[in-house]
Amino acid sequence: QVQLAESGGGSVQAGGSLRLSCAASRFTFSRKCIAWFRQAPGKEREGVAALPPGRTYTEYAESVKGRFTISQDNAKNTVYLQMNSLKPEDTAMYYCAAALFGCDSGSWSSPASYEFWGQGTQVTVSS
């Protein structure tokens, strides 16, 4: 059974940094669309960043561009989300997700595009 496990969440002050990790079991990230989503209490799950299958470009939500970076370590079968210059509005549960059939600019931020999800890791940013 496919498992995605996030780690690296925590509590930081505004302006700080965190690096989230997503490790996969019984699943390889190769040639899949991999994304990070987040969900704050009372809000819908939103796409934060994605790595489309070709790995030739990355996608980011406007709210995190220039601050967050998604990357992949093939040898470790792990995807990362480096988060810098964190803001209180970044507070949320963060999830990694994988799509078997790819994604594009029109679909990457839709949760319905992804078949596999991790359990999430909490990020709390205080002002």
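Just so you know, residue 1 is the first one in the sequence shown, and it goes up from there. Values reported hereafter were calculated over all heavy atoms of this structure, with side chains retained and with hydrogens, waters and symmetry mates removed.
Donor-acceptor pairing under 3.5 Å is recorded for the side chains of R38 and Y94. For the residue pair T78/Q72, the side-chain donor-acceptor check at 3.5 Å is not satisfied.
At least one donor-acceptor pair closer than 3.5 Å links the side chain of E115 to the backbone N or O of L100. The main-chain N or O of A61 is never found under 3.5 Å from a side-chain atom of K65 such that the two would form a donor-acceptor pair. Side-chain atoms of T121 come within 3.5 Å of backbone atoms of G9 as a donor-acceptor pair (strictly under, hydrogens ignored). Not one N or O on the side chain of K43 forms a donor-acceptor pair closer than 3.5 Å with the backbone of P41. Checked by atom type and distance alone, the side chain of E6 pairs as donor or acceptor with a backbone atom of Q119 at under 3.5 Å. A donor-acceptor distance shorter than 3.5 angstrom exists from the side chain of T91 to the backbone of P88, with no hydrogens or angles considered. Listed for the T58 side chain is no donor-acceptor partner under 3.5 Å among the backbone atoms of A50. Remark: side-chain polar atoms of D90 are paired, donor with acceptor, to backbone N or O of K87 under 3.5 angstrom.
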Between F29 and L51, is the side-chain contact (heavy atoms from CB on, under 4.5 Å) condition met? List the steps.
CA-CA 10 Å; F29 285 130; L51 272 173; over 6 Å; no
Taking it one step at a time, do L20 and Y80 satisfy side-chain contact (heavy atoms from CB on, under 4.5 Å)?
CA-CA 5 Å; L20 307 184; Y80 302 98; over 6 Å; no
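L81 contributes atom CG, which lies 6.0 Å from atom CZ of F68 (distance to the nearest 0.5 angstrom). Atom CZ of R19 and atom CE of M83 lie 11.5 Å apart (nearest 0.5 Å). The structure places OG of S63 at 8.5 Å from CD of E89, a figure rounded to the nearest 0.5 Å. Considering OH of Y114 and SG of C103, their distance stands at 4.5 Å, rounded to 0.5 Å. Here the CD atom belonging to Q13 is positioned 11.5 Å from the CG atom belonging to L86, to the nearest 0.5 angstrom. Rounded to the nearest 0.5 Å, atoms CG (L4) and CZ (F27) are 6.5 Å apart.
The shortest side-chain heavy-atom distance between Y60 and I70 falls under the 4.5 Å cut-off. Contact annotation: the side chain of C22 approaches that of W36 to within less than 4.5 Å [non-hydrogen atoms, C-beta and beyond]. The shortest distance between side-chain heavy atoms of Q82 and S17 falls below 4.5 Å.
Tracing side-chain contacts under 4.5 Å through hydrophobic residues (I, L, V, M, F, W, Y), one never reaches M93 starting from V123; they form parts of separate clusters. At a threshold of 4.5 Å between side-chain heavy atoms, the hydrophobic network of Ile, Leu, Val, Met, Phe, Trp and Tyr places V48 and F116 in one connected group.
With ring centers used as reference points, F37 lies under 6.0 Å from W117.
Of all non-hydrogen atoms in R55 and R31, the two that sit nearest each other are NH2-N, 4.3 Å. Contact detail for S113 and A99: the closest heavy-atom pair is O-CB, 3.2 Å. Nearest heavy atom pair, residue A98 against residue I34, reads CB-CD1, 3.8 Å. Between R67 and S85, the shortest heavy-atom contact is NH1-O, 2.9 Å.
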